[in-house]
Each structure stands twice: as C-alpha cells, then as structure tokens.
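Each remark here refers to the structure printed beneath this line.
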Amino acid sequence: MRAFIETRDADAAARVPDLLAELGVTVADELVGAVRTYRLTPSTIDPEHTEHVFVYVHGGAYVLNAGRAGLAEAALIAARCGIQVVAVDYRMPPAEPFPAGFDDVLKVWSALSGEFSPTSFAMGGTSAGGGLVLAVVQELLATGRPVPGSLFAGTPWSDLTRTGDSYVTNEGVDRLLISYDATLALAARAYAGPHALTDRRISPVYGEFDGFPPTMLVSGTRDLFLSNTARVHTKLRKAGAESDLLVFEGVSHADYALEATSPEHHLTYAELNRFLLQHLTAQ
C-alpha cells in the first residue's frame, strides 16, 4: 500500500503546478491550528466573495493525495468560484489512521471559526473529502460548536461498508472506482483501524443530520457512490435541512472534477458558486 500511495501521490503532485498556472491560482503554505494547510488565491476574487473562505478537504479514499497532490480540486474551486480556499493537509493512513485526519479538520475549523464569523465559511470536498466534512459537521453539532454557512459534499464516501444498491449495480460500470472489493476495501480498513466502519465519525450516513447547514451534493448515474450520496440527501431532507442534489447522466465517480472541459464540470462549479453566494454571510 505504501508503494501504491507514493506512486499515485507523486503523479498527482507533478500535475498540480501546470494546473495552478493554467488557472491563475497561487498557493501559500500556512499552519492553521497547528495543522498544515495551503491557502489558494485566484487571480481575481469575486467581489461578492471578498469576505468568504472555502475550507477544502481533499479526497483519495483517506489514503491518497497528501501534500500538494491534493490541491487539484481546491484550485478549481478557487478559480471557478473566485474565492479564497484553505485546503487541509490532514494526516492519513497507513502512518496515521482515524482519528488523526478527523481531528486535523476539527482543529483547522476551530481556529478559523474562532477568528471570523463561521457563516462566512463554506466547507467541502469530493469523495473521502465529502465524507469527512459530513462527519466533522456532525461532531460540531453534537458538541454544540458553530458550523459553516454551507457545505459541498461531492459524491461523498459516507458509508465505508459495502452497503447500498450502487455498490452492486455500478460495479464495473464506474470507470474510476470500479469495485469496492479492491482499493476501497483496503483503504476503509486502513483508515478505520480498530474502530467499526459504521461509527458515524467514519461513516457519517449512520449519524444524525439535524441542524445541518445547507448542503450541495453531486453524483452520477455510473457512480459507485451514487447510493452513498442519495442516502445522505434523504437523511438531510428528513432532518429538515436544505439539500441540493445534482445527478449527472452517464457520469462515473468524481468525473465532474476530473474532466475539466466537460459541461458537467462547468455546471457543477457554477452551481456551487450560486449555492455559496446564496448562503454565505460577511465576516
């Protein structure tokens, strides 16, 4: 697993400089709450976003995309929405299983929300990043702490067990994830360590959604995590939270983020920007 992670992360990190240059996004290293983060600034900040910040939590099955390897979607959000982004470089297995990454995101949020109005921040990510965001917000609500003004959970890995219709129906159809019974199964166990995969801090679909801020969800009809996304949407709606669900025809897991020339890509981030402008407040 270590060799696989190092190879994948090196390849991802090598692509980031060209993407940053293409998008006109600059990156600065920062420590926030004693956690390593990256602040991404677009060449032009939308005047309506001058007092807003997007806290980004990267995906990668909780084992991939450490360091600058995890900045691709953060850069896309910064550029497409014209908003400053703070990307959290949270600790991951095999060296640091749960609750290390979970705690890191909580520390970053505590530091930022203690300095500025919590509702001026959005928080989000794709896949494992989306799942981790949902779990962190459940923890914030359970402990009586403030939550962000809005959330983005792109095809969230909200259930690390193999539960849900699309784990079966989209097996071999999803061109990225392909099957649970490969990398995902190993990553789930590596992340959870001795903890149950159904622990709501690990699989937030088993937690409560009362009091959640407005949440935007994205998936596709070929996404292995379509059921994960749909189940979260249903629980949010049952809890009385605002939840926008965007499902694309013929799209596999995270294609909207990976295929930057596709209409689905541009619609996703245009909708995300609209959602942020609708729900975020001034600092």
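We're numbering straight along the sequence, starting at 1.
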- Note on the structure: Output for pair (Asn65 CG, Ile5 CD1), nearest 0.5 Å, gives 10.5 Å

- With Glu30, which residues qualify under salt bridge (Lys or Arg N to Asp or Glu O under 4.0 Å), at least two apart? Arg39

- Query: Considering all heavy atoms of both residues, which atom of Leu280 and which atom of Ser120 are nearest to each other, and what is their separation?
  - Reply: CD1-O, 4.0 Å

- Query: Taking all non-hydrogen atoms of both residues, which atom of Ala190 and which atom of Met1 are closest, and how far apart?
  - Reply: CB-SD, 4.2 Å

- Same hydrophobic cluster for Val247 and Val232, using side-chain heavy-atom links shorter than 4.5 Å among ILVMFWY? yes

- Query: If you round to the nearest 0.5 Å, how far is CG of Leu20 from CG of Leu76?
  - Reply: 9.5 Å

- Working to the nearest 0.5 Å, report the span between CD of Glu271 and OH of Tyr256. 13.5 Å

- Query: Any donor and acceptor pair, going by atom type alone, linking the side chain of Asp104 with main-chain N or O of Arg91 inside 3.5 Å?
  - Reply: yes

- Task: Check whether any side-chain N or O of Thr7 sits under 3.5 Å from a backbone N or O of Phe4 as a donor-acceptor pair, and report yes or no.
- Result: no

- Message: Quick check: closest heavy atoms across Arg189 and Pro194, and the distance to 0.1 Å?
- Response: NH2-C, 4.3 Å

- Task: Taking all non-hydrogen atoms of both residues into account, name the closest pair between Asp174 and Leu177 and its distance.
- Result: OD1-N, 3.0 Å

- Message: Using side-chain heavy atoms (C-beta onward) and a distance below 4.5 Å, is Phe209 in contact with Arg237?
- Response: no

- Task: Find out whether Ser117 and Thr281 are in side-chain contact, i.e. whether some heavy atom of one side chain is under 4.5 Å from a heavy atom of the other.
- Result: yes

- Could you tell me whether the side chain of Gln138 reaches within less than 4.5 Å of the side chain of Phe212, counting heavy atoms only? yes

- Step by step, would you call Ser127 with His253 a side-chain contact (heavy atoms from CB on, under 4.5 Å)? CA-CA 8 Å; Ser127 194; His253 182 69; 2.9 Å; yes

- Indicate the ring-plane relationship of Phe225 and Trp157, choosing parallel, tilted or perpendicular according to the 30° and 60° boundaries. parallel

- Counting distance only, does the side-chain N/O of Ser227 pair as donor-acceptor with the main-chain N or O of Asp165 below 3.5 Å? yes

- Message: I'd like to know if the side chain of His266 reaches the main chain of Ala260, judged simply by a donor and an acceptor atom lying under 3.5 Å from each other, with no hydrogens or angles considered.
- Response: yes

- Message: Has Asn170 got a side-chain atom pairing as donor or acceptor with Asp223's backbone, closer than 3.5 angstrom?
- Response: yes

- Query: Linking I/L/V/M/F/W/Y whenever their side-chain heavy atoms sit closer than 4.5 Å, directly or via other members, would Tyr90 and Met123 fall into one cluster?
  - Reply: yes

- Message: Does any part of the side chain of Thr234, heavy atoms only, come nearer than 4.5 Å to the side chain of Lys238, both counted from C-beta?
- Response: yes

- Task: Kindly check if the number of other-residue, nucleotide or ligand heavy atoms within 6.0 Å of CZ (Arg80) is above 12?
- Result: yes

- Message: Against the six-membered ring of Tyr206, is Arg231 placed for a cation-pi contact (under 6.0 Å from the centre, within 45° of the normal)?
- Response: yes

- Message: side-chain contact (heavy atoms from CB on, under 4.5 Å) for Phe275 and Leu246? Distances and angles first, verdict last.
- Response: CA-CA 12 Å; Phe275 197 76; Leu246 184 59; over 6 Å; no

- Query: Between SG of Cys81 and CG of Leu277, what distance do you get to the nearest 0.5 Å?
  - Reply: 8.0 Å

- Task: Would you kindly confirm whether Val108 and Phe116 end up in one hydrophobic cluster when ILVMFWY residues are joined by side chain heavy atoms under 4.5 Å apart?
- Result: yes

- Within one Ile-Leu-Val-Met-Phe-Trp-Tyr cluster: Leu112 and Val27, side-chain cutoff 4.5 Å: no

- Item | Mutual orientation of the aromatic rings belonging to His49 and His52 [parallel < 30°, tilted 30-60°, perpendicular > 60°] | perpendicular

- Task: Could you check whether the rings of Phe121 and Trp109 sit parallel, tilted or perpendicular, using 30° and 60° as the cut-offs?
- Result: perpendicular

- Message: Evaluate Val147 against Leu141 for side-chain contact (heavy atoms from CB on, under 4.5 Å), listing each step before the verdict.
- Response: CA-CA 7 Å; Val147 298; Leu141 289 166; 3.7 Å; yes

- Should Arg175 and Glu259 count as an ion pair when the cut-off is N to O under 4.0 Å? yes

- Item | Greater than 12 external heavy atoms within 6.0 Å of Glu208's CD | no

- Query: How far apart are the closest heavy atoms of Leu40 and Pro42, and which atoms are they?
  - Reply: O-CD, 4.0 Å

- Pairwise side-chain contact, Val63 with Pro94, heavy-atom cut-off 4.5 Å (strictly under): no

- From His195 atom NE2 to Arg201 atom CZ, the distance as rounded to the nearest 0.5 Å: 6.0 Å

- Task: Verify, without hydrogens or angle tests, whether Ser166 (side chain) and Leu224 (backbone) share a donor-acceptor contact under 3.5 angstrom.
- Result: yes

- Message: Looking at Thr41 and Thr26, would you say the former's side chain and the latter's main chain have a donor-acceptor pair under 3.5 Å?
- Response: no

- Close side-chain approach of Ile83 and Ile77, heavy atoms under 4.5 Å: yes

- Item | Straight-line distance of His265 NE2 to Phe248 CZ, nearest 0.5 Å | 10.5 Å

- Query: Are any non-hydrogen side-chain atoms of Glu264 and Glu249 less than 4.5 angstrom apart?
  - Reply: no

- Atom of Ser243, atom of Leu217 and distance for their closest heavy-atom approach: OG-CD1, 3.4 Å

- Expected output: side-chain Lys107 to main-chain Ala34 donor-acceptor under 3.5 Å: no

- Determine whether Ser203 and Asp159 make a side-chain contact, defined as any pair of heavy atoms from C-beta on separated by less than 4.5 Å. yes

- Task: Measure from the side-chain N and O atoms of Asp89 to the backbone N and O of Gly67, and report whether any donor-acceptor pair falls under 3.5 Å.
- Result: yes

- Identify, with sequence neighbours excluded, every residue that meets side chain to side chain donor-acceptor pair (under 3.5 Å) alongside Gln278. Arg274

- Would you find a donor on one side and an acceptor on the other, under 3.5 Å apart, between the side chain of Thr37 and the backbone of Val88? no

- Query: Mind checking whether Val57 and Leu160 sit in one hydrophobic cluster, side chains of I, L, V, M, F, W, Y counted as touching below 4.5 Å?
  - Reply: yes

Could you go through residues 68-75 and list every donor-acceptor pair under 3.5 Å that involves a side-chain atom there, pairing it with any protein atom two or more places apart or in another chain?
from  : atom 1 : to     : atom 2 : distance (Å)
Arg68 : NH2    : Asp29  : OD1    : 2.8
Glu73 : OE1    : Tyr56  : OH     : 2.9
Glu73 : OE1    : Thr126 : OG1    : 3.0
Glu73 : OE2    : Thr126 : OG1    : 3.0
Glu73 : OE2    : Tyr269 : OH     : 2.7

